Amino acid sequence: MTIGEALKSLRQSLGLTQAQMIKGSKITITHYSKMKKGQNRIFVDDLILILQLRGVSIANFFKKYFPTKYDMISQEISQELNQAFYNNDVKKARNLKRQILVDKHISTELKDRADLIINILNSGDDTASIK
């Protein structure tokens with residue numbers, strides 16, 4: 001995905017027109033249109049300004065549209081944890097927790113969620129079957 005494509009996706013998710021998206025910046029609609037097609041480049045300061053004007057942090061923009069290998073691994077583990085929970089598979093949840101503990105790039109939130117899921121599955125009460 002290019003920066004232009006990511007900006008288009010962001011613009012659409014915000015429900016803005018091209019003119020609304022670039023309002024407050026020095027970019028013209030023609031330049032913006034060519035940028036999303038890959039015909040023009042965007043300067044970093046213009047990108048930052050557009051994101052600031054729309055209330056989007058640069059970090060969140062890049063994390064959403066240009067995820068790292070570690071973001072994708074975390075997302076995959078998160079989905080597997082959810083599946084272990086819904087399948088009432090405490091063994092799978094424990095294995096995922098071990099995998100999480102080995103990887104220093106995994107977030108504390110995911111580690112805590114693994115603990116919570118394991119505790120719920122180990123509790124043996126009806127809370128584990130809540131959907």
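Since the structure is predicted, the reported quantities are computational estimates derived from the model, not experimental observations.
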Test your reading of the model: is there a side-chain donor-acceptor pair from [X] to the backbone of [Y], 3.5 Å cut-off?
X    : Y    : value
N122 : I118 : yes
D71  : T68  : yes
S9   : E5   : yes
Y70  : D103 : no
S33  : I29  : no

Exercise for the section: Could you tell me whether K23 atom NZ has more than 12 heavy atoms of other residues or ligands within 6.0 Å of it? Expected result: no
Original post:
Are any non-hydrogen side-chain atoms of I73 and H105 less than 4.5 angstrom apart?
Top reply: no
Specify the closest pair of heavy atoms between [X] and [Y], including all atoms of both residues, with the distance to one decimal.
X    : Y    : result
A114 : I100 : CB-CD1, 3.9 Å
I48  : I58  : CG1-CD1, 3.7 Å
A84  : L121 : O-CD1, 4.1 Å
L14  : R54  : CD1-CB, 3.9 Å
S74  : L110 : O-CD2, 3.7 Å
Y32  : Q18  : CE2-CG, 3.6 Å

The reported gap from NZ in K64 to CG in L10 (rounded to nearest 0.5 angstrom) is 7.0 Å
So salt bridge (charged side-chain N to carboxylate O under 4.0 Å, His left out) across residues 90-101, not counting sequence neighbours, yields E80-K92, K97-D115
| task | Evaluate the criterion side-chain contact (heavy atoms from CB on, under 4.5 Å) for residue pair I3 and F62; output intermediate values, then yes/no. | result | CA-CA 9 Å; I3 296 289; F62 279 97; 3.7 Å; yes
Residues passing the salt bridge (charged side-chain N to carboxylate O under 4.0 Å, His left out) test with R113, sequence neighbours excluded, are E109
